[in-house]
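Step one of this worksheet: look at the structure below.
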Amino acid sequence: MRKPVTLAILILASLILQTFSFALEQPSLKSDRLHLTFNPQTGGLLSLHDLASNHNFVRQSAEKPLIWRISLQNADRKEIVLTNAEGPAPTCTAKDTQLIFHWENIPLPENNGSITVEVNVSLNKTADAALFTINALPSSTAFGLWDIQFPIIAPLSDSKTADVAIGRGTWGMLYEKSEDTITGEYPSNNLPMQFMLLHDQKNGLYLATHDPQARYKRFSLKPGGEFRVETRAENMGVPGNTWNPPYPFVLSVYQGSWMDGCKRYRAWATKETPWTRKGPLATRKDVPENIKNVCAWLLDGGTADEAAPHVSEFAGVIGAPIGVHWYNWHQIPFDTFYPNYFPTKPGFAEGVQDLVKEGATIMPYINARLWDTGAENFPEAKPAATKNEHGEVTIEEYGSGAKLAAMCPTQKMWQDKMLETIRRLVDECHVNAVYMDQIASAAPRMCFDPSHGHPLGSGTWWVDGYRAMLTPIKKFCTENGHSVGLTTENDAEPYMDNVDALLIWTPRSDHDIPINTAVYSGYTLYFATNRAFFDDLSYCLCQARDFTWGAQLGWDGPGLLNPEHKEKIMFLSTLARVRAKALDFFVYGELLEVLSPTNDVPKLKGKWNTPKGDAEVTIPAVHAALWRSGKNNQLAIALANADTQPHSFSFTIDTQHYGMPPDATLQIDRISLAGTHPKQKLDTLTYSETVEMLPRSAQMLALTPVTKP
């Protein structure tokens, strides 16, 4: 009878030693690829080693490294901020491939209760990715959680060696050797996807939250300083609230470029999220053909008599399917008296109907977030507006000076108003697309209105509310004989299941990288290649680059039709007509790589509207990118020369690396304005070529695998 007792004592002693043994040593997790060590006194990260290269992303650890920072507030908005470096050391328990750090009953100041925090870090033996989660449980009658910063890694890397890649409202940005703090609010135009990438040469660090419910987050990274992800609690500041999110923060190492990091995010996002659950564009039945086929956009507005001649002329010059973004079709002034868009200007419906018959995609502007507080019917809308923590309506102001209320997307009154507006545009005005401004541009607003039925402050309800709004709109636009495309501003990811195309109109830079199409090509569409309407070369440099990256082109005004801009519109026409021949790649396919030439390609200077204002940019004369078809096993290289001089572009591609079968040969076909013509056959899967690019030209080289006999 003594043996079971003895065994139980031994097991208990083992567990106790396992829990407290880290008081004298550094807790660590190690896989075949990644090694993490933690400070036993604070639980903060001491080292982050990629074992493939023995590179440590934490160059010099802090004396008391942080891993979390938590803010609590009371009803008077008095704030308490706590970190893991304060107070007693956590207990640390090792469980197989996990470390669990536990801070029990950390006292809040002035006898306001306590908070218990637990951090879980897991790393499987063969994995290159560690998963971090945090739970926070306050015990206070006065204070509730406000926001949580987790994880914190500091100091991370070195500003002298680190490059940072992050999604932005146009394409994405590569910050090279930056000493600035790089931030973004998700989901919005300055952080459309919930990840950042850090590179020390070929050593890549993937920093992401895999949250399929798309909660608000703010990513922040100062190379050589602090990295953190800040998230707002649900029922912010309400005593008794907790934080126990069902998603992990993912920290992963890899060797390669920013493109490799993007493909990691794509692998998760295209399989695990509601915004991709409908599948790729190649299999979806609810995305109208006309919106997928647009190759060039015109930005116009006013009456039908004013706009229709421009549209017809633009369509004739482009020679490929066109779309028109039509502003000021309503009698109310722009950004005023929203959402009271009707009546339209005289002749709008008749003009639209004629242009649609000619094959154009006609897309009027409406705003999907705002109600003018100066409108006569605002009192009936006020209950559905977002309210701040003081119960006041959230007001935004733009160029018109009108005081516009940000509406709460969870409220049926607002959802119904948007559906009614779009029904009238389709049924009365015959449009075949509608643009809903700001949805994927503006970050989620906080709302503290208890009558709305959602958690106070923040939560999943913002994106859930828009999904509830957009789902019946999408259904109406694609059923019962309707085929109406839906678009919005900028490119935040969680709306793409109900929005077909995203307007990437914001400033461009020579530090852009195509993070958007690297992740979501084949799942959504991006349009607009503006911001370079200066001299001909500047314009053509922008069009050439963005053509190879996969954007639907254009979105400049009717001034483009003036004789002095003939060179611009002719190059736009060239690119649009080549795009029209390659929709299997640009619409349904996947961007695989931005190709760097193996020869010297000259770099040219132009002028663009950049995030820092109108400024000089330096851009290669010839751009090239590798795409995979979404309908078969083809690969294709897209090439465009923006210069008035011919240039050659040399490259070598190992096609087997991109999925070509090892027992195949290659058939190379050239797709150009002259049509599709056989170019050559290769017995090797390594394709080396020097392409002679004519002035202001574009082409595709399609690579088709052919099974050996």
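Side chains included, hydrogens not; waters and symmetry mates left out as well; all remaining heavy atoms used. The structure displayed is predicted, hence computed values, not measured ones.
- Taking 4.0 Å as the cut-off between side-chain N and carboxylate O, Arg277 and Glu272 do not count as a salt-bridged pair.
- Lys278 and Tyr523 are not linked by any side-chain donor-acceptor pair at a separation below 3.5 angstrom, with hydrogens and angles left out of the test.
- For the pair Asn135 and Pro245, the tightest heavy-atom approach, listed with the atom from each and the gap, is OD1-CD, 4.5 Å.
- Annotation: side chain of Leu99 is not in contact with side chain of Thr93 (no heavy-atom distance under 4.5 Å).
- Without hydrogens or angle criteria, Lys222 side chain to Glu179 main chain gives a donor-acceptor distance under 3.5 Å.
- A distance-only check finds no donor-acceptor pair linking the side chain of Arg232 to the backbone of Asp147 [under 3.5 Å].
- With hydrogens and angles left out, the side-chain atoms of Asp260 and Gln255 include no donor and acceptor closer than 3.5 Å.
- With hydrogens and angles disregarded, no donor-acceptor distance shorter than 3.5 Å links the side chain of Trp627 to the backbone of Leu592.
- Between Trp258 and Val594 the shortest side-chain heavy-atom distance falls below 4.5 Å.
- Side chain of Thr273 to backbone of Ala269: a donor-acceptor contact under 3.5 angstrom is found.
- Here the closest heavy-atom approach between residue Lys160 and residue Asp158 is recorded as N-OD1, 2.8 Å.
- Across all non-hydrogen atoms, the minimal contact from His55 to Arg59 is CE1-NH2, 3.8 Å.
- Between the side chains of Gln98 and Ser122, not a single donor N or O lies within less than 3.5 Å of an accepting N or O.
- Minimum heavy-atom separation, Ala551 to Ile504: CB-CD1, 4.5 Å.
- For the pair Ile515 and Phe195, the minimum side-chain heavy-atom distance is below 4.5 Å.
- Relative to the six-membered ring of Tyr186, Lys217 misses at least one condition, a distance below 6.0 Å or an angle of at most 45° to the axis.
- Ser178 places none of its side-chain heavy atoms less than 4.5 Å from the side chain of Ser159.
- Remark: His102 engages Glu104, Glu118 in a side chain to side chain donor-acceptor pair (under 3.5 Å) (not counting sequence neighbours).
- With hydrogens and angles disregarded, a donor-acceptor distance shorter than 3.5 Å links the side chain of Thr37 to the backbone of Ser47.
- The closest donor-acceptor contact from the side chain of Thr283 to the backbone of Pro280 lies under 3.5 Å.
- Ring geometry for Trp549 versus Trp171: interplanar angle over 60°, hence perpendicular rather than tilted (30 to 60°).
- Here the closest heavy-atom approach between residue Asp50 and residue Arg33 is recorded as OD1-NE, 2.8 Å.
- Side-chain atoms of Arg284 come within 3.5 Å of backbone atoms of Asp497 as a donor-acceptor pair (strictly under, hydrogens ignored).
- A donor-acceptor contact closer than 3.5 angstrom links the side chains of Thr161 and Asp200.
- Taking the ring centroids of His199 and Tyr254, they lie under the 6.0 Å cut-off.
- Phe101 and Phe38 have their aromatic ring centers within a separation under 6.0 angstrom.
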Take Lys125 and Asp96 through the test salt bridge (Lys or Arg N to Asp or Glu O under 4.0 Å) and record every step on the way to the result.
CA-CA 10 Å; Lys125 294 299 183 184; Asp96 198 16; 5.8 Å; no
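- Although no hydrogens or angles enter the test, the distance criterion places no donor-acceptor pair under 3.5 Å between the side chain of Asp546 and the main chain of Thr529.
- Contact annotation: the side chain of Leu626 approaches that of Tyr658 to within less than 4.5 Å [non-hydrogen atoms, C-beta and beyond].
- Between Phe586 and Phe547, a ring centre-to-centre spacing shorter than 6.0 Å is recorded.
- By the 4.5 Å heavy-atom criterion applied to side chains, Cys92 and Ile100 are not counted as neighbours.
- Inter-residue side-chain proximity for Arg228 and Phe219 is flagged as unmet; no heavy-atom pair is nearer than 4.5 Å.
- Summarising the geometry of Pro65 relative to Leu46, their closest heavy-atom pair is CG-CD2, 3.9 Å, with the distance given to 0.1 Å.
- With 3.5 Å as the limit, one finds no donor-acceptor pair spanning the side chains of Tyr247 and Gln213.
- Considering only heavy atoms from C-beta on, Glu489 stays 4.5 Å or farther from Val499 through its side chain.
- Judged purely by atom type and a 3.5 angstrom limit, Thr170 uses its side chain to pair as donor or acceptor with the backbone of Pro507.
- Few gaps surround CG on Asp32; more than 12 heavy atoms of other groups in view lie less than 6.0 Å from it.
- Shown here are the side chain to side chain donor-acceptor pair (under 3.5 Å) partners of Glu590, two or more places apart in sequence or in another chain: Lys263, Arg266, Arg628.
- Partners of Arg545 according to the salt bridge (charged side-chain N to carboxylate O under 4.0 Å, His left out) rule, which considers only residues two or more places apart in sequence or in another chain, are Asp512.
- A donor-acceptor contact shorter than 3.5 Å is absent between the side chain of Glu185 and the backbone of Tyr216.
- Separation of the Trp243 and Trp68 ring centroids does not fall under the 6.0 Å cut-off.
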